[in-house]
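Note that ligands are numbered from 1 as they come in the structure, with each ligand's atoms numbered from 1 the same way. The chain is numbered in sequence order, starting from 1. Computation of the quantities below employed the complete heavy-atom set of this structure, encompassing side-chain atoms and omitting hydrogens, waters and symmetry-equivalent molecules. Predicted model, so just to flag it, every value in this text is computed and none were measured.
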Amino acid sequence: MIEFETIIKQNKNLGDYKLLTPGPLTTTNTVKNEMLFDRCTWDDDYKKITQKIRKQLLQVATVSEENYTAVLIQGSGSFGVEAVLSTVISNKDKCLIISNGAYGERIVEMAKRGKINYELYSCEYDTIPNFNEIRRILKDDEYEFITHIVMVHCETTTGILNPIEEIAKVAKEYGKTLIVDAMSSFGGIEIDVKGLGIDYLVSSANKCIQGVPGFSFVIADKTKLSRCKENSRSLCLDLYEQWITMEKDGKWRYTSPTHVVAAFSKALDELFEEGGVRSRYIRYSENNRLLREKLKDIGIFSYIKEEFQSPIITTFVFPYDNFNFNEFYNYVKDRGFVLYPGKLTDVDTFRIGNIGEIYEEDIHILCDVIKSYVMGRK
Ligand SMILES: *Cc1c(COP(=O)(O)O)cnc(C)c1O
């Protein structure tokens, strides 16, 4: 027990608490250090960082500069998703939105606000979309009004991992443009962007690449994006213009988040040093498996079936009736870890993210903390 308390103290001294939330997440000190210098937006050295990042993102996506480009956009991840929707889906187009969580619903909200034609296919939060149903919708779309398909890869609401491979196959069979919100999976799960025919993939700085919040990015099919001039209903979120400007020499349209960009560049280097997406996937998966096993042993069960569970974030059902999340949250926070509340309306849950600078040892300590809380209250 003494050892346990000492480890917790050490953990807290490192930086008060570790984030077990799916972005912002715990970053390395070396990533944080990059932000101690103030850079100039039009300086060549700074613009080179942007160009380096764009190249590296294509490497992470395993696509070539010949076919794809990476465009960075100020703001959080949602800004990137909205930039894609408002730029690439014209007034003559229609998109099929596939949703099984809050992020899918956010896409629907964006479509409504942007007056984008859409059709919704939704399913329960704990089930994956049925690709036969999707095939049927496309088949029934006799006059081919549907031009685009939009979906979320890892639904961070629950931690469910949607089968992009199968849906991409159907999308390509019917020749649709495919937009994937891979916000919480890109960099942490291998995605064969070109092989699957993903035309636009969106993610952000503060998820699996392990940078700090401040911008999102889009991996875009160049041929498709080049057809989107003057489509955008928004000035700031015009993905096409952002691309054209950035392509010149790495200067962003409007002020860029310089500190975040520098930190992200370092985070990308560290992803490659770790061994790339494959190695990170293994670390995340092992963290996740360990977490679910250890909590199961003390009677805390995950909400999503194991076969659909992502290695990113897990939703856990409250272990007993009068479980007090706020008290639990503060107990765990005082011992060095910050968790996430649940996002479901019908079941009482909380969530634990295991991405970021988190290792097996952290998961062991966390589970011991949770165990000591639950044993003391039950
Ligand atoms: C994090 C996340 C987003 C973006 O959320 P922001 O708060 O705007 O960064 C979008 N989709 C998914 C699946 C996410 O996990």
Side-chain polar contacts of residues 204-218 - donor-acceptor pairs under 3.5 angstrom, sequence neighbours left out - could you list them?
{"residue": "Ser204", "atom": "OG", "partner": "Asn206", "partner atom": "OD1", "Å": "3.3"}
{"residue": "Gln210", "atom": "OE1", "partner": "Arg283", "partner atom": "NH2", "Å": "3.1"}
{"residue": "Gln210", "atom": "OE1", "partner": "Tyr284", "partner atom": "OH", "Å": "2.7"}
{"residue": "Gln210", "atom": "OE1", "partner": "Gly356", "partner atom": "N", "Å": "3.3"}
{"residue": "Gln210", "atom": "NE2", "partner": "Glu357", "partner atom": "OE1", "Å": "3.2"}
{"residue": "Ser216", "atom": "OG", "partner": "Gly80", "partner atom": "N", "Å": "3.2"}

Query - Residue pair Thr245 / Trp252, side-chain donor-acceptor N/O under 3.5 Å - result: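 The criterion, which ignores hydrogens and geometry beyond distance, is not satisfied for Trp252 and Thr245.
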
**Report entry** Pair His259-Asp38, side-chain donor/acceptor within less than 3.5 Å
**Finding:**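 The answer is yes; a qualifying pair exists.
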
Query raised in the report: Name the residues in contact with ligand 1, where contact means a heavy atom under 4.0 Å away: which are they?
Result: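 The answer is Ser76, Gly77, Ser78, Tyr103, Arg106, Val152, Cys154, Thr156, Asp181, Met183, Ser184, Lys207, counting any residue whose heavy atom sits under 4.0 Å from ligand 1.
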
Query raised in the report: Would you say Tyr103 and Ile179 are hydrophobically clustered, going by side-chain heavy atoms of ILVMFWY under 4.5 Å?
Result: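 Result: yes, single cluster for both.
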
Query raised in the report: Rounded to the nearest 0.5 Å, what separation is found between the NE2 atom of His153 and the CD atom of Glu165?
Result: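 With rounding to 0.5 Å, NE2 (His153) is 6.0 Å from CD (Glu165).
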
Query raised in the report: Are the ring centres of Phe350 and Tyr340 closer than 6.0 Å?
Result: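 Not close enough - the centres of the two rings lie 6.0 Å or further apart.
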
